[in-house]
Amino acid sequence: MPKNLVIVESPAKARTIEKILGKDFIVKSCNGHIRDLSKKDLSIDIENNFQPIYELLSDKKSVIQDLQKGAKAAEKVWLATDEDREGEAISWHLLEALKLKEEKTERITFHEITKTAILHAIENPRRINRELVNAQQARRVLDRIVGYELSPLLWKKVKPGLSAGRVQSVAVRLIVERENEIKHFQTESAFRITATFFSKEKNEKSLKAELNHRYKEKTEAVKFIKECIGKDFQVLNVETKPSFKSPPPPFTTSSLQQEAGRKLGFPVSKTMVVAQQLYETGKITYMRTDSVNLSSMAISACKKEIESMFGKEYSQVRKYTGKIKGAQEAHEAIRPTYMNAHQIEGTRDQQNLYELIWKRTIASQMSNAKLEKTVIDISSPVKPYLFQAKGEVILFEGFLKVYYESLEEDELQEDGNILPQVFKDDILDYNEIVATQKFSQPPFRYAETSLVRKLEELGIGRPSTYAPIISTIQKRDYVIKDSKKGVVREFDVISLTGRSVEEKIQTENVGAEKNKLFPTDLGIIVTDFLSEHFVGIMDYHFTAGVEKQFDEIAAGELIWTDMIGAFYKDFHPQISKTDIESKKFIGERLLGKDPETGLNVFVKVGKYGPIIQIGDTGSDVKPKFASLLKHQSIHDITLEEALPLFNFPISLGNHDSQEVIVSIGPYGPYVKYQGKFYQIPANLNPLKLTMNEALEIIANKQKGSESSIIKEFDGDKDLSIRKGKWGPYIKYKNENFKIPKGNSPEELSIEDCKQMIESARLNPPKKRTFKKK
DNA sequence: CAGTGAGCGAGCTTCCGCTTGACTT
């Protein structure tokens with residue numbers, strides 16, 4: 001029996017370390033936190049100086065039992081959880097929950113999983129850092145108080161089941177405010193003047209240049225263009241400057257999510273799932289980290305790869321240090337475990353993500369790209385303005401040989417082009433000079449990844465929570481991921497070729513956005529409510545402020561219960577005050593009077609979402625209600641748009657002597673035909689649905705269910721092989737059966753299927769236990 | 001899964017940050 005038990009946070013890590021330490025050590029994983037405040041109630045004894053009341057996590061029972069057994073048998077227990085605030089707390093909870101004796105317990109930490117680092121850690125154990133643990137308790141208790149006092153207030157004032165918290169409420173606020181900026185954005189336009197010049201003598205390729213001034217008015221632009229007719233243009237100056245580009249640092253959770261989003265089109269959650277798979281199969285280091293640091297081993301491995309692939313001049317050893325404030329760097333950056341594995345076996349997604357990580361890691365240890373930037377100034381007929389041509393030439397690729405960092409939409413810049421050679425005082429002629437009307441752009445809506453980036457910038461949330469935050473705010477209906485079609489906009493173009501000036505109107509499609517986060521009516525209302533009554537919590541810098549205090553607690557300069565006490569003293573009375581003084585906060589708005597009945601018409605957010613209401617609440621006649629359609633908002637819907645919602649259900653008439661009905665149900669708009677329901681796609685307006693469209697929806701659905709059939713059998717009409725959410729399965733009458741792995745569904749015979757059904761019946765799958773939601 | 005929303009009131013919902021299961025129709 002091994003004398004030593006080492007406890008780490010993750011099983012994959014445990015396996016690796018066990019190999020390193022050898023037979024005297026057994027290494028087990030606690031799988032993260034094992035104890036927490038009870039979910040049922042606040043579980044903080046306010047009267048008793050905010051003492052937290054912890055309980056063991058129910059889903060960790062078997063883990064804890066196993067650890068307890070191991071600890072009993074061992075002579076020494078080594079707590080080797082992560083070296084950050086949460087990790088320290090996990091060690092402390094282990095100490096308490098497993099009832100470990102302090103004298104036979106050691107706390108060790110290491111930054112990289114190598115033999116040297118781990119042996120060094122074993123030789124230098126320490127005690128649990130109580131101050132750091134207290135900083136974690138303060139974090140935990142603060143989040144609980146905020147979440148569990150704000151949420152019930154929302155249930156009462158807005159709608160049951162809602163939630164609020166230090167992180168999620170600010171995330172929603174970012175999206176709501178961005179939407180407001182877009183709504184109030186004043187578009188301005190100006191005329192951008194571009195020209196293509198050529199040298200009469202040299203007959204080289206043409207030179208594109210832009211005037212360093214934009215004219216606000218069309219008349220001014222036209223006047224300028226006319227001034228150019230027949231003029232010569234002189235090269236005033238040619239300036240060439242060397243320049244360089246450095247590679248981006250290795251991946252953190254957040255930067256990986258962004259790049260995988262932009263380059264591979266992965267949503268945040270998918271990136272994490274695939275990265276987890278790579279981690280578990282030992283291909284990459286840990287995927288939840290905010291560190292850009294690489295181990296010395298990784299750095300030398302990179303160097304070796306780069307030098308053998310590209311040569312010495314491409315290698316440049318770099319040490320990256322985190323710049324994010326408050327980052328708790330318990331892990332390395334995300335990198336391949338073995339730099340010499342350029343590709344891996346696995347699914348397409350795994351290979352793509354791995355390749356991205358490999359390239360980014362390699363690039364981070366490569367030399368700068370060397371560039372030459374050239375600016376050519378060319379005279380214009382109107383002083384003091386001049387035309388400028390900008391070019392960029394890559395002299396030495398450096399890291400660009402393997403990796404280009406993609407840019408956010410708002411960072412997109414025009415690439416410098418390659419310029420023909422011209423000299424000072426050269427005289428140029430023009431091919432064309434064009435004035436194009438350009439419109440200023442409103443800010444972009446957040447996508448999942450850009451929201452994560454913003455949260456990280458503000459120090460809000462942690463690598464392990466970025467993906468859950470995104471899903472929580474959508475699950476609560478505060479935010480929806482959606483796409484928006486652009487609108488066509490006209491713009492003026494005035495062009496000069498030879499001596500003729502031509503004016504045209506062209507069109508462009510603007511404002512189209514894909515997979516962006518839009519606030520819902522509910523999200524807007526909850527944000528307004530919280531911003532009005534809880535300015536402090538909703539402040540974008542609230543988290544940064546409390547993080548600073550957590551650091552002080554960790555440094556022993558502040559007592560954690562004092563910090564929480566000071567916070568609670570202001571926060572709790574604000575909850576009570578709002579509870580008493582604030583009325584229902586559901587965005588109710590009077591639209592006008594119903595022309596038929598003369599009754600008041602309102603919109604508001606109801607128990608099941610945004611609704612329109614005819615008649616006053618509490619009057620003798622029971623009011624009538626109807627749901628708003630998707631894309632309608634209580635904030636701007638008009639009486640004329642709202643009233644037709646009461647027309648449902650709408651009969652479209654008969655088809656094959658059966659009635660076709662359109663209506664709105666709890667799951668959205670639908671067509672009902674022959675007792676069956678068919679969902680109406682979001683791009684069709686249910687109010688204006690035609691019989692033909694309805695029949696098409698029905699036909700599509702029926703085709704869809706047919707196309708899920710992989711194979712049918714003439715011998716048995718009840719039997720079919722179908723494609724399902726979890727892969728192919730056998731359908732027999734109304735029952736479904738799993739196909740054991742390793743069979744190709746197309747080749748199964750009736751007998752094969754019957755046999756599988758037989759064996760499935762003999763070994764029924766365990767009932768899935770659903771977690772209470 | 002499919003046409004809810006008054007009022008009454010029981011009993012329910014909720015936070016953030018660590019981790020990985022179990023394995024479906």
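Sequence lines set the chain letters: A, B, ... in the order given, protein chains first and strands last, and positions in each chain run from 1. Note that the coordinates shown come from a computational prediction; the quantities given were computed from them, not determined experimentally.
Proximity of A:Q613 to the phosphate of B:dG5: no side-chain N or O atom is located under 4.0 Å from OP1 or OP2. Contact check, A:S151 against B:dC15: no side-chain N or O comes under 4.0 Å of OP1 or OP2. Distances shorter than 4.0 Å separate none of the side-chain N or O atoms of A:Y148 from OP1 or OP2 on B:dT13. Checking the phosphate oxygens (OP1, OP2) of B:dT14, a side-chain nitrogen or oxygen of A:R476 falls inside 4.0 Å. For A:Q168 and B:dC16, the shortest distance from a side-chain N or O to OP1 or OP2 is below 4.0 Å. Contact annotation: A:S10 side-chain N/O to B:dT20 OP1/OP2 distance is under 4.0 Å. For A:R139 and B:dC15, the shortest distance from a side-chain N or O to OP1 or OP2 is not below 4.0 Å. Contact annotation: A:S464 side-chain N/O to B:dC18 OP1/OP2 distance is under 4.0 Å. Within the 4.0 Å cut-off from OP1 or OP2 of B:dC16, not a single side-chain nitrogen or oxygen of A:R462 is found.
Comparing B:dT4, B:dC15, B:dC16 by their nearest atom to the side chain of A:V167 picks out B:dC16. Residue A:S163 has its side chain nearest to B:dT14 when only B:dG21, B:dA6, B:dT14 are considered.
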Structure string for DNA chain B in dot-bracket form, Watson-Crick and G-U at under 3.5 Å, | interchain: .........................

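Between A:D594 and A:T597, the side chains place a donor N or O and an acceptor N or O closer than 3.5 Å (distance only, hydrogens not considered). Remark: the A:T81 side chain and the A:S91 side chain contain an N/O donor-acceptor pair separated by less than 3.5 Å. The closest side-chain donor-acceptor pair between A:R476 and A:S163 falls under 3.5 angstrom. With no hydrogens or angles considered, no side-chain donor-acceptor pair links A:K624 and A:Q613 at under 3.5 Å.
Side-chain atoms of A:H93 and A:E96, non-hydrogen and from C-beta on, never get closer than 4.5 Å to each other.
Distance OG1/A:T285 to CE/A:M287: 9.5 Å, rounded to 0.5 Å.
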Check against side-chain hydrogen bond (donor to acceptor under 3.5 Å, both in side chains), A:H33 and A:E86: CA-CA 8 Å; A:H33 275 294; A:E86 297 296 326; 2.8 Å; yes

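For A:D84 and B:dG17, the CG to P distance is 12 Å, given to the nearest whole Å.
Looking at A:R288, its side chain has no donor and acceptor atom pair within 3.5 Å of the base of B:dC18.
Within residues 88-98 of chain A, no residue is approached by DNA chain B to less than 4.0 Å at the level of any non-hydrogen atom.
Salt bridge status for A:R107 with A:E88: present, with a side-chain N to carboxylate O gap under 4.0 Å.
Once the 5.5 Å centre distance and the 30° plane angle are applied, the aromatic ring of A:W155 is found stacked with the base of B:dT13.
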